[in-house]
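These notes concern the structure reproduced below.
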Number of protein chains: 2
Amino acid sequence: MSASLPPLPKPQESTGEPVLLELGSAEDEPCLRADAARNRARLLEAATRLIEEHGAAGVTMEAVAVAASVGKGTVFRRFGDRTGLLTALLDHSAKQLQAAFLSGPPPLGPGAPPVDRLRAFGLAVLRQAVDHLELQLAAQPEAARRYSIPPTRFLSGHVTLLLRQAVPDADCALLAQALMGYLDPALIHHLTKECGMPMERLEAGWIDLVARVTRTELPQ
Amino acid sequence: MSASLPPLPKPQESTGEPVLLELGSAEDEPCLRADAARNRARLLEAATRLIEEHGAAGVTMEAVAVAASVGKGTVFRRFGDRTGLLTALLDHSAKQLQAAFLSGPPPLGPGAPPVDRLRAFGLAVLRQAVDHLELQLAAQPEAARRYSIPPTRFLSGHVTLLLRQAVPDADCALLAQALMGYLDPALIHHLTKECGMPMERLEAGWIDLVARVTRTELPQ
DNA sequence: AAGAAAACTGGACCGTGGTCCGTTTAGCTG
DNA sequence: CAGCTAAACGGACCACGGTCCAGTTTTCTT
């Protein structure tokens with residue numbers, strides 16, 4: 001990690017537990033020195049240019065540095081790592097989305113019934129995702145493969161089959177993916193190791209999830 | 001990618017559509033030459049040793065090669081990439097699990113009602129996941145962070161809040177994670193770009209998912 | 001205005017994943 | 001057993017992400 005730069009304001013990292021409503025989740029320019037701010041801007045601009053010229057894959061940390069006429073170290077100091085840089089690029093639209101559901105008009109924003117808001121929320125995220133797909137994927141290296149690897153496909157295939165028997169007239173392929181998402185090792189790690197949840201809770205959660213998903217007669 | 005080794009049997013990669021029941025999803029040793037087989041075994045053994053000595057992080061491709069007294073190129077030729085090697089290490093238990101739900105005793109295996117099997121399936125995967133957590137995470141670099149980054153936490157926090165209003169007496173934090181899984185950019189990419197699903201279907205899927213999850217009065 | 005502390009800079013440097021290609025060897029054929 | 005060929009080998013090589021730190025610039029203090 002980047003754990004040995006004495007005078008480093010630490011790009012993100014709040015680590016506080018109740019992150020739930022800290023608003024500007026990326027409001028991370030507390031008091032940038034003049035030159036630092038200038039370089040930051042240059043870097044973001046350069047990165048943007050590189051993306052539209054060579055695609056997200058062409059955004060090499062070194063390339064960005066060169067394109068911005070800045071030292072490589074500066075890029076890392078500013079954004080922590082590659083992921084940080086890409087994330088910063090997505091920051092604008094991310095904030096927009098946040099603002100929309102925190103204080104925008106219903107049904108996304110407050111005012112509508114929660115289920116309606118939930119629906120709207122998903123659609124909004126879905127749409128934002130497709131818009132910035134390339135970037136989002138680039139920001140999460142290797143992510144693209146996750147769902148393509150044989151073992152995973154095999155498991156979700158099995159779930160799809162079971163679902164088809166349980167809820168014949170649903171879109172089981174999609175439902176299966178939702179269920180599989182719950183079983184993602186990374187999620188399990190996050191919940192147990194980082195959030196300290198006991199396994200029993202996760203297991204109960206699965207039982208509950210299955211019950212909800214396979215419930216028939218929904219008056220949609 | 002590894003796209004220029006003429007005589008390479010291509011580690012995995014079936015790319016055929018109906019993977020659903022191809023059984024040995026990792027039955028990938030069609031006809032290994034004697035020395036190749038020997039080296040493969042050596043490599044797996046070396047990797048195993050390295051893991052229990054220095055943890056998954058210590059499994060460097062070079063280190064494995066050295067520990068197995070084999071050239072680095074050989075490691076890559078055999079397993080394609082780091083992920084491939086780690087996956088091969090997980091292969092045994094993966095196959096066991098597959099066998100268990102394909103032809104083992106109920107409720108995991110055939111014979112029980114689908115919903116029961118689904119429940120059992122999730123618990124089995126959950127348990128297997130915790131057993132090999134370190135490896136599974138190592139096989140998916142960067143995955144560990146996915147759920148910790150502020151923007152993501154913020155979104156799922158929001159979903160949790162909405163859920164609490166919609167289904168007050170459920171484990172909303174967990175339910176929220178399940179829902180968020182459906183919105184994972186990597187999944188969206190997989191479904192739209194690789195499976196060719198239209199966005200409308202994904203959107204309909206979300207609406208359906210929300211309906212199922214927020215349905216109250218479940219006779220659990 | 002001057003000096004000191006704080007913050008930032010840039011590029012040399014490192015480790016690791018991944019590729020390339022000349023050399024070696026297993027396994028067949030006669 | 002000699003000879004042949006395709007497969008396998010191995011390590012030099014490269015690119016990229018990430019670290020370090022000596023030197024520079026900015027900001028604060030008095």
Side-chain angles (χ1 to χ4, degrees), chain A residues 1-11 28-43 46-47 50 54-87 138-142 145, chain B residues 1-11 28-43 46-47 50 54-87 138-142 145:
Chain A
M1 289 302 153
S2 59
S4 51
L5 311 189
L8 208 178
K10 273 269 186 171
D28 55 352
E29 335 178 20
C31 49
L32 237 34
R33 228 173 66 172
D35 52 348
R38 182 198 41 146
N39 281 345
R40 183 188 154 95
R42 268 201 208 164
L43 284 169
L50 281 183
H54 309 107
V59 182
T60 281
M61 295 306 260
E62 184 127 20
V64 175
V66 170
S69 311
V70 140
K72 199 177 171 184
T74 302
V75 189
F76 283 93
R77 164 168 295 268
R78 196 54 49 211
F79 298 102
D81 58 9
R82 192 181 134 95
T83 300
L85 173 58
L86 277 322
T87 301
Q140 257 177 40
E142 178 98 12
R145 297 179 57 192
Chain B
M1 292 303 153
S2 59
S4 50
L5 311 191
L8 208 178
K10 272 271 188 175
D28 54 352
E29 334 180 19
C31 50
L32 238 34
R33 224 173 69 172
D35 52 349
R38 183 198 38 145
N39 281 345
R40 183 188 154 93
R42 268 203 210 163
L43 284 169
L50 282 182
H54 309 107
V59 182
T60 281
M61 294 307 259
E62 184 127 19
V64 175
V66 171
S69 312
V70 140
K72 200 176 171 184
T74 301
V75 190
F76 283 93
R77 162 170 298 268
R78 196 55 49 210
F79 299 102
D81 58 9
R82 191 181 135 95
T83 301
L85 173 59
L86 277 323
T87 302
Q140 258 177 39
E142 178 97 15
R145 297 180 56 193

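Treat the numbers as computed from the prediction; the structure is a model and nothing was measured. Chain identifiers are assigned alphabetically (A, B, ...) following the order of the sequence lines, protein sequences preceding nucleic acid strands; residue numbering begins at 1 within each chain. Side chains are part of it too, since the values below use all heavy atoms of this structure and drop only hydrogens, waters and symmetry mates.
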Rounded to whole Å, how long is the line connecting atom [atom1] of [X] with atom [atom2] of [N]?
{"X": "A:L43", "N": "C:dT9", "atom1": "CG", "atom2": "C1'", "value": "12 Å"}
{"X": "A:L85", "N": "D:dG18", "atom1": "CG", "atom2": "P", "value": "11 Å"}
{"X": "A:R78", "N": "D:dT19", "atom1": "CZ", "atom2": "P", "value": "15 Å"}
{"X": "A:H54", "N": "D:dC16", "atom1": "NE2", "atom2": "C1'", "value": "16 Å"}
{"X": "A:F76", "N": "D:dG17", "atom1": "CZ", "atom2": "P", "value": "6 Å"}
{"X": "A:R82", "N": "C:dT16", "atom1": "CZ", "atom2": "P", "value": "20 Å"}
{"X": "B:F79", "N": "D:dA8", "atom1": "CZ", "atom2": "C1'", "value": "14 Å"}

Side-chain N,O ([X]) to OP1/OP2 ([N]) below 4.0 Å:
{"X": "A:R38", "N": "C:dC8", "result": "no"}
{"X": "A:R77", "N": "D:dT19", "result": "no"}
{"X": "A:N39", "N": "C:dT9", "result": "yes"}

What are the two closest non-hydrogen atoms of [X] and [Y], and how far apart are they?
{"X": "A:A138", "Y": "A:R82", "answer": "O-NH2, 3.7 Å"}
{"X": "B:L43", "Y": "B:A68", "answer": "CD2-CB, 3.6 Å"}
{"X": "A:V75", "Y": "A:M61", "answer": "CG1-CE, 3.7 Å"}
{"X": "A:L86", "Y": "A:A139", "answer": "CB-CB, 3.6 Å"}

(Q) What does the B/S/- profile of nucleotides 22-27 of chain C look like, 5' to 3', with a 4.0 Å heavy-atom cutoff to protein? (A) ---BSS
**Q.** Side chain proximity check, A:R78 to A:L85, heavy atoms < 4.5 angstrom
**A.** no
Q) For the atom pair OG1 (A:T87) and CG (A:D81), what is the distance rounded to the nearest 0.5 Å? A) 8.0 Å
**Q.** Backbone N/O of B:V70 and side chain of B:R42: donor-acceptor pair under 3.5 Å
**A.** no
Q.
Can you tell me which nucleotide in C:dC8, C:dG18, D:dA8 comes closest to the side chain of B:D81?
A. C:dG18
Q. Which of these nucleotides, C:dG10, D:dC9, D:dA12, is closest to any side-chain atom of B:T74?
A. D:dC9
Q | With sequence neighbours excluded, residues passing side-chain hydrogen bond (donor to acceptor under 3.5 Å, both in side chains) with A:R33 | A | A:D35
Q.
Evaluate A:R145 against B:T83 for side chain to side chain contact (heavy atoms under 4.5 Å, CB included), listing each step before the verdict.
A. CA-CA 10 Å; A:R145 297 179 57 192; B:T83 301; 4.1 Å; yes
Q: Keeping to residues at least two apart or across chains, list the salt bridge (Lys or Arg N to Asp or Glu O under 4.0 Å) pairs with something in residues 55-73 of chain A.
A: A:E62-A:K72
**Q.** Under the side-chain contact (heavy atoms from CB on, under 4.5 Å) test, residues paired with A:A63 that sit two or more places apart
**A.** A:L50, A:T60
Q) Between B:K72 and A:T83, which is nearer to the 5' end of DNA chain D once each is assigned its nearest nucleotide? A) B:K72
(Q) With nearest nucleotide decided by heavy atoms, which residue, A:G73 or B:G71, maps closer to the 5′ end of DNA chain D? (A) B:G71
Q | Bracket string, DNA chain C, 5' to 3' - pairs by Watson-Crick or G-U geometry under 3.5 Å, | interstrand | A | ||||||||||||||||||||||||||||||
Q) Residues from residues 57-67 of chain B sitting under 4.0 Å of DNA chain C, heavy atoms only? A) B:T60, B:M61
